[in-house]
**Student:** 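Provided herewith is a single structure, encoded as structure tokens, for subsequent inquiry.
Protein chains get the first letters and strands the later ones, always in sequence-line order, with residue 1 at the start of each. From a predicted model like this one, the values you see are computed outputs, not experimental measurements.
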Amino acid sequence: MLKPAPSMNPASLSLNRISKVFPGVRALSSVSIKLYPGQVTALVGENGAGKSTLVKVLTGIYQPDEGNIELDGVTQTFASPIDAARAGITAIHQETVLFDELSIAENIFIGHAPRNRFGLIDWRTMNRRAAELLDRIGATVNPATLLRDLGIANKHLVAIARALSVDASVVIMDEPTAALSHKEIEELYQLVEQLKVAGKAILFISHKFDEIFRIADRYSVFRDGELVGEGMIDQTSSGKLVELMVGRSVDSVFPPRTNELGEEIMRVDGFSHPTEFEDISFTLRRGEILGFYGLVGAGRSELMQALFGVTRPSAGSLQMGVEKIVIDSPADAIARGLVYVPEDRGRQGAITGLPIVDNVALPSLSQTSKNGFVRMAREFALARQYTRRLELKAAALDQNVAQLSGGNQQKVVIAKWLATRPTVIILDEPTKGIDIGSKAAVHAFMRELASQGLAVIMVSSEIPEIIGMADRVIVMREGRAVGAFERDELSPEALVVAAAGIEDERVA
Amino acid sequence: MSRDAILALALIAMIGLVSVRFPGFASPDSLLGVFNDTSILIILALGQMAVVLTRCIDLSMASNLALTGMCCAMLNAAYPQLPIVLLLVVAMLIGALLGSINGVLVWKLDIPPIVVTLGTLTIFRGVIFLISDGQWVNAHEMSPAFKALPRAEVLGLPMLSWVALICIALMYFVVTRTPQGRAFFAVGGNPDAAVYTGIDVGRTRFNAFVLSGALSGICGYLWVSRYAVAYVDIAGGFELDVVAACVIGGISIAGGIGSVAGAVLGALFLGVIKNALPVVNISPFWQQAISGAAIIIAVVFNARAERRSGRIILRQAETT
Amino acid sequence: QAEDMRIALVVKALGIGFFEAAAKGAEEAAAELGGVEIIYTGPTDTTAEGQIEVINSLIAQKVDAIAVSANDQDALVPALKKAMTRGITVISWDSGVAPEGRQMHLNPSSNPLIGNMIVKMAADHLPDGGDVAVLSASATATNQNIWIEEMNKVVGNYPGINVVATVYGDDLSDKSYREAQGLMSSHPDLKAIIAPTSVGIVAAAQAVSDAGKAGEILVTGLGLPSEMAAHVESGASKSFAIWNPIDLGYAATMISYNLAKGDAEATAGGEIGMGRLGAVTLGESLDGAMADPFVYDSSNIADFKDIF
Amino acid sequence: MTDVERQTELPDRLRSPLFRLMASWEFLLLIVAVLIFFLNTQASPYFLDPWNLSDATYNFTEKAIIAFAMALVIIAGEIDLSVASIIALVSTCMGYAVQLGADTVTLIAVAVVIGAACGAFNGILVAGLGLPSIVVTIGTLSLFRGIAYIVLGDQAYSGYPESFAFFGQGYVWWVITVEMVLFAVFALIFYVLLHRTSFGRSVIAIGNNPTASVFSGIRVARVKFMLFMLTGVMSAVAAICLTSRLGSTRPSIAVGWELEIVTMVVLGGVNILGGSGTIPGVVIAAIVMGMVTFGLGLLNVPGIVMSIFVGLLLIAVIALPIIIRRLRQRLSG
Ligand SMILES: Nc1ncnc2c1ncn2[C@@H]1O[C@H](COP(=O)(O)OP(=O)(O)OP(=O)(O)O)[C@@H](O)[C@H]1O
Ligand SMILES: Nc1ncnc2c1ncn2[C@@H]1O[C@H](COP(=O)(O)OP(=O)(O)OP(=O)(O)O)[C@@H](O)[C@H]1O
Ligand SMILES: [Mg+2]
Ligand SMILES: [Mg+2]
């Protein structure tokens with residue numbers, strides 16, 4: 001309880017009136033933030049509020065149009081990420097910035113590899129130091145293996161190790177827990193504690209309020225590129241933060257259940273895949289929201305992609321309505337009214353180099369075209385309709401998707417499959433990385449879809465979301481369905497136990 | 001088994017096959033001859049590898065070689081007393097300069113490398129015509145020392161082979177032990193991430209182009225002195241052979257993957273084919289089709305070797 | 001000042017010593033005639049398409065005569081026919097065009113003579129006979145193919161001489177070099193390489209000396225004294241033949257001039273003047289030979305190596 | 001869902017159509033084309049002759065016919081370097097058919113079938129096996145021409161039927177050649193295909209992001225296969241024109257055309273990395289290249305020196321907008 005009063009502590013990093021303008025967007029307008037040693041400052045804001053842009057300015061990837069950065073009282077200009085690293089600023093970026101074909105050790109040290117006295121890379125020292133770092137964050141991987149052989153969670157751990165490999169006084173984490181499982185998130189929290197004790201100044205960006213209240217000391221809130229509020233975390237509440245973020249109060253509870261279950265619309269029997277999943281069976285009814293829960297890597301996405309025809313199952317059957325069908329491509333699935341909104345929006349969802357309107361119309365080409373000829377007026381009408389429903393924030397419909405923030409890209413992705421007017425829609429992590437306001441919109445929208453008689457499959461790794469939204473939940477672990485819960489049987493504990501396989505151990 | 005090992009085996013198998021019909025082919029002398037003959041292709045493939053690793057491509061290498069070669073030949077014809085070592089350095093510098101033109105355009109103007117080098121491919125050739133007025137430089141206009149260097153034997157191996165060996169060794173060193181060499185892999189493997197790690201993507205690509213240019217320059221001198229003639233069209237179309245050698249050697253055209261051993265083996269693979277066909281008395285008209293087929297087979301094969309079955313996490317789940 | 005007549009000398013490819021020398025001869029003829037402009041042109045690689053583009057632009061410039069050494073005897077025909085219908089005089093020289101595509105063709109020498117000469121030069125130095133191989137230019141080169149054909153007709157007259165292979169170097173030094181290497185390794189008993197092309201003969205001589213077999217394997221054929229001087233010195237080549245390219249360019253220009261002017265007409269059995277070289281008599285297919293090939297060896301090469 | 005909170009609706013377009021036209025690549029190219037036309041009229045008195053201009057079109061029509069298909073392939077993120085070799089093989093097969101007494105109609109059929117087969121072979125390797133097209137087609141570049149060499153060796157085929165000459169030497173009306181008409185017709189067809197059909201949309205989407213295109217219900221492999229096949233067929237069309245123009249077939253026919261065609265496509269504003277490009281751009285680029293080479297040809301500039309101009313043009317036309325944008329940024333910023 002000997003924590004010194006924060007205001008007495010001189011700030012180790014001050015950002016003074018930073019502005020950054022992109023064509024058509026004022027991503028940051030004259031924001032000032034201070035970071036203090038030994039403290040965690042949470043940065044919150046809606047999608048596109050400018051959080052990641054600030055991180056990139058701080059790490060020398062972007063140069064600010066106005067304003068300056070002061071580190072320990074000295075004004076700095078970072079012409080490149082190397083400058084920022086030298087000055088003692090390190091970051092875990094929102095995008096994974098790693099190299100599949102290089103070894104783990106090299107991924108950690110690239111750019112500042114240990115050298116011998118001839119200036120050549122000292123592989124032995126590098127591997128040793130990498131092992132130490134990985135050990136520190138609880139990762140049990142051999143530093144000499146190639147990164148491409150790692151799962152997604154381990155990759156994220158490597159990114160964290162990389163941030164720690166520089167002896168920095170300022171550590172920035174941009175949504176570090178988005179891809180991590182429960183256990184790994186706990187370890188990350190401990191690490192943050194260690195860093196605090198070591199006197200580092202930490203900037204922590206997250207959309208998850210529970211973790212903000214758990215680990216942050218201070219907060220700063222962005223809205224549309226402006227700083228709209230800051231203070232000590234123990235003097236605020238999530239309601240207040242949300243109000244600051246969106247400029248109005250938001251219902252944080254899930255929308256009430258309005259959907260009614262209709263007749264069975266889809267039946268999956270013994271679906272299997274040689275390497276990804278095995279013997280999955282379930283049924284789905286009109287108006288139902290079926291949740292799929294599991295830890296990252298449980299094989300849910302693979303299962304959904306097999307249903308959608310991206311990959312071929314090795315066994316099992318799929319029935320829609322009364323008809324047994326074989327879907328051998330996404331084109332097939334879309335034609336039969338089954339669509340899949342992928343989890344990886346940058347790679348699988350959006351075509352970022354094309355305008356919003358082209359993206360939205362793409363899966364519906366057969367509807368918007370006649371005899372193979374496209375009709376642009378129809379495409380714009382379609383895009384207008386669905387972007388309005390999802391409250392998309394953009395400048396115009398012919399703007400490239402690449403220029404939108406992460407959350408708004410996700411909206412385009414959802415709009416694009418909704419526009420095909422499906423009967424069954426699979427949403428894979430539909431709210432991953434999107435802000436609270438947008439989240440609520442997506443949730444309300446899912447409810448609306450269900451009450452209109454659509455069947456919804458929702459893959460999610462967030463327990464509150466699963467419990468708040470799903471009518472029924474199937475839990476997957478290591479490619480197998482290990483539990484099924486009706487709405488009244490749902491509890492966070494039950495889900496975690498099933499997903500992590502703790503039950504098994506008790507039985508054994 | 002690694003891709004390089006498989007390729008090496010294929011190479012040995014091919015040599016074995018040829019020597020069934022013509023036993024002399026597998027003799028050390030003959031094999032050294034093949035290596036010597038392939039030296040220039042090897043050196044060029046090493047340069048191309050550096051460029052391809054950074055997710056670029058250099059189609060101007062053969063034109064660079066020809067232009068540098070012509071410069072060397074004309075210099076030698078005009079000043080026969082110029083020391084050859086100096087000429088070799090000049091060749092390297094001219095090559096590097098030409099390479100840096102590619103590099104600057106890619107770096108500073110962000111023009112796609114294939115466009116830049118497609119442009120310089122024709123420009124460099126045209127410049128040869130301009131500086132030489134279309135005239136050939138023939139053997140009798142070159143000084144004896146000029147022609148002697150690639151042929152001079154040291155420890156039973158011609159200098160041409162030695163130069164290739166030195167280039168291989170240096171390149172291996174650069175690629176595995178220097179930060180710049182590792183940056184080639186990083187830039188090609190994930191350019192966006194490279195920016196975040198503080199690697200200057202543009203400058204790294206520039207360096208790769210300068211390197212490939214310098215190696216092309218050296219080859220320019222070697223080619224002209226070896227064949228004792230310089231004219232506009234030398235090494236015409238050779239750029240595709242160089243790319244083919246890299247691809248056969250398992251260097252991913254998408255960047256970030258490749259090894260020095262791969263580049264050397266890929267070049268040797270083509271070299272053996274080219275040398276073996278006349279030896280086993282296959283009609284010269286079959287040559288082109290056979291090397292085309294070999295390239296396709298190698299690519300199919302490489303792709304098979306690269307294909308992995310399932311993702312790691314779930315493979316582990318399978319076994320548990 | 002405007003010239004009265006423009007004659008285009010279209011060659012297989014620019015930059016080849018042989019054709020550069022022919023261009024000199026053409027200029028000499030132009031100077032002698034007066035009021036004649038020579039347009040020396042051609043593609044930079046030996047392709048028919050390249051020559052067609054050149055011919056099209058010559059037609060557009062409305063030149064008075066085109067004298068072409070063809071890369072392909074058939075492919076040029078449509079373009080040259082078009083030239084003739086637009087009133088342009090068209091002849092071929094050195095490497096011919098099919099009869100319907102030109103008014104006459106000027107052979108540098110008579111084909112049977114050349115065919116005989118190239119094998120005779122090898123046989124003269126191989127009293128006991130032996131294996132010989134032919135290194136040609138591209139497989140499509142008209143004149144090379146005719147000479148080789150003529151050579152094969154008379155090879156029986158040289159007992160012991162045995163033609164074991166014909167390979168193609170495409171008039172590229174490096175490819176010719178490799179083909180020569182291939183010949184040496186696949187025919188261990190090879191005694192001579194006959195290269196009826198000025199590029200091939202140099203490359204073959206270089207390959208033979210590099211293999212340390214100068215004097216052991218004889219290189220002969222058709223070459224330029226300037227390019228072959230070093231190899232005659234080294235002993236890789238004992239003798240080779242060529243006609244005078246300067247004269248050839250001179251003659252082609254003179255013939256073009258006379259035809260374009262209307263001073264002569266190309267008819268079978270007819271004669272066309274070639275200035276200082278006399279006149280050429282045309283045969284059945286409207287072709288004629290300029291002169292006999294001339295043999296160069298160590299005794300006379302010094303006198304010619306600085307000329308062409 | 002209620003619309004109360006949304007006051008404004010997203011506009012369709014950020015910029016006016018006129019602005020987009022003025023800022024477009026095609027507009028820039030058009031200016032270049034006019035400039036070159038003007039320079040040509042100044043440089044040579046022979047340039048402005050209808051017959052000469054008509055002859056000049058042969059410099060680009062055949063290549064452009066392939067360039068249209070190549071543009072689609074490149075927009076889809078692939079490349080086909082084997083086109084010139086397909087010409088050689090197609091021409092060889094036509095020549096072979098002539099020896100067997102084929103008439104003109106049969107020859108056309110043979111050409112299209114062989115061209116499609118070559119394209120299908122590329123397509124299977126690229127779309128079916130997922131191999132990188134730049135490498136595959138470097139291989140088939142050697143293979144296809146190699147087969148032509150095996151068949152023909154040092155021989156040549158000629159003796160094409162009289163009526164066959166129509167394609168490469170015929171005139172439709174006055175100075176309008178058959179090849180010009182083919183060029184215009186295919187330009188129109190490819191314009192509609194790329195910019196007005198859902199197939200064209202798929203091609204653009206695939207070039208931008210093949211994975212997302214699969215997820216969006218596009219049959220990516222099928223589209224790519226069709227593109228390679230289309231390129232094969234267009235190469236066959238070009239082979240018919242060229243063979244008819246030359247009246248004979250050699251295995252070395254059309255050597256090196258692949259790079260000229262790619263240059264044409266890139267000059268036309270097609271992104272070599274895939275994802276964007278237009279047919280009007282390619283049309284203008286083809287005419288620009290044709291005019292540059294013809295104009296220089298009238299001055300008796302050797303082909304190799306012309307290629308310097310073409311190379312410089314390629315780099316300059318791409319670099320210029322970038323430099324101007326940079327300068328403008330620097331001035332305003
Ligand atoms: N390179 C760019 N070019 C143009 N606009 C950009 C660029 N990068 C970001 N923007 C815009 O700047 C704004 C801020 O984006 P930023 O990525 O910083 O948001 P964020 O707060 O991190 O959002 P999220 O929570 O979704 O990650 C957005 O409107 C975005 O569209
Ligand atoms: N080894 C790996 N390398 C890269 N990405 C991977 C790897 N393994 C899995 N991923 C990615 O991680 C994500 C999750 O994998 P998977 O589909 O197996 O699990 P899941 O149960 O769907 O998990 P999630 O909760 O993320 O949906 C997918 O996007 C997948 O592409
Ligand atoms: Mg962000
Ligand atoms: Mg998933």
Side-chain angles (χ1 to χ4, degrees), chain A residues 24 65 248 305 308-310 329-335 339-342 344-359 361-366 368-369 371-374 380 383-384 387-399 413 416-417 420 441 444-445 448, chain D residues 1-17 19-20 23 75-77 127 189 191-223 226 271 273-277 325 328-329 332-333:
Chain A
D65 299 330
R248 63 188 155 93
Q305 289 174 13
F308 189 50
V310 179
S329 71
D332 245 19
I334 293 171
V339 301
Y340 169 76
V341 180
D344 184 348
R345 65 175 164 255
R347 225 168 54 80
Q348 302 167 336
I351 296 182
T352 51
L354 289 184
I356 296 170
V357 52
D358 288 30
N359 268 281
L362 195 59
S364 316
L365 268 180
S366 51
T368 55
S369 61
N371 302 328
F373 292 91
V374 292
F380 274 106
R384 231 177 283 132
T387 51
R388 187 174 53 212
R389 276 178 83 173
L390 286 163
E391 300 184 1
L392 183 80
K393 266 188 219 156
L397 288 176
D398 70 344
Q399 202 179 8
V413 170
K416 123 181 203 188
W417 274 285
T420 66
F445 196 68
E448 192 196 329
Chain D
M1 205 168 264
T2 55
D3 265 351
V4 234
E5 283 159 357
R6 278 268 138 183
Q7 322 85 328
T8 50
E9 190 161 290
L10 292 182
D12 281 359
R13 307 219 182 251
L14 208 52
R15 311 223 185 261
S16 72
F19 180 93
R20 275 181 287 135
I75 290 172
I189 292 176
Y191 174 82
V192 171
L193 185 65
L194 179 61
H195 300 294
R196 289 282 175 266
T197 68
S198 46
F199 181 80
R201 273 298 154 78
S202 312
V203 169
I204 296 172
I206 290 170
N208 271 284
N209 184 342
T211 314
S213 299
V214 171
F215 278 80
S216 304
I218 295 171
R219 298 178 194 271
V220 172
R222 186 184 298 180
V223 170
M226 280 160 67
N271 184 348
L273 307 174
S276 67
R325 199 175 54 222
R328 202 183 297 154
Q329 262 168 16
S332 68

**Student:** Side chain, backbone, both or neither: which part of A:Ile334 has an atom under 4.5 Å from a heavy atom of chain D?
**Tutor:**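 Only the side chain of A:Ile334 comes within 4.5 Å of chain D.
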**Student:** Just by modelled atom types, is the A:Ala350 backbone N or O under 3.5 Å from a matching donor or acceptor in the D:Asn209 side chain?
**Tutor:** yes
**Student:** So which of D:Ser213, D:Gly275, D:Ser276, D:Ala212 has the biggest tally of heavy-atom pairs under 4.5 Å with chain A?
**Tutor:** D:Ala212
**Student:** Using side-chain heavy atoms (C-beta onward) and a distance below 4.5 Å, is A:Pro342 in contact with D:Phe215?
**Tutor:** yes
**Student:** Mind checking ring-ring contact (aromatic ring centres under 6.0 Å, His included) for A:Phe380 and listing every partner two or more places apart, or none if nothing turns up?
**Tutor:** none
**Student:** Quick one: pull up CD1 in A:Ile351 and CD1 in D:Ile218 and give me the separation to the nearest 0.5 Å.
**Tutor:** 6.0 Å
**Student:** To check you understand the geometry: which heavy-atom pair defines the closest contact between D:Thr211 and A:Gln348, and what is its length?
**Tutor:** CG2-CG, 3.8 Å
**Student:** Quick one: pull up CG in A:Asp358 and CZ in D:Arg201 and give me the separation to the nearest 0.5 Å.
**Tutor:** 4.5 Å
**Student:** Under a 4.5 Å heavy-atom cut-off, does chain D meet the side chain of A:Val310, its backbone, both or neither?
**Tutor:** side chain
**Student:** With side chains defined as the heavy atoms from C-beta onward, is the minimum distance between D:Ser202 and A:Leu365 less than 4.5 Å?
**Tutor:** yes
**Student:** Is there a side-chain contact between D:Ile204 and A:Leu354 (heavy atoms, below 4.5 Å)?
**Tutor:** yes
**Student:** For A:Arg384, does the CZ atom have more than 12 heavy-atom neighbours from other residues, nucleotides or ligands under 6.0 Å away?
**Tutor:**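 Result for CZ/A:Arg384: enclosed.
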**Student:** Do A:Trp417 and D:Ser216 have side chains that get closer than 4.5 Å, going by heavy atoms?
**Tutor:** yes
**Student:** For A:Ser329, which residues count as a side-chain hydrogen bond (donor to acceptor under 3.5 Å, both in side chains) partner, sequence neighbours excluded?
**Tutor:** D:Arg219
**Student:** Using side-chain heavy atoms (C-beta onward) and a distance below 4.5 Å, is A:Phe373 in contact with D:Val192?
**Tutor:** yes
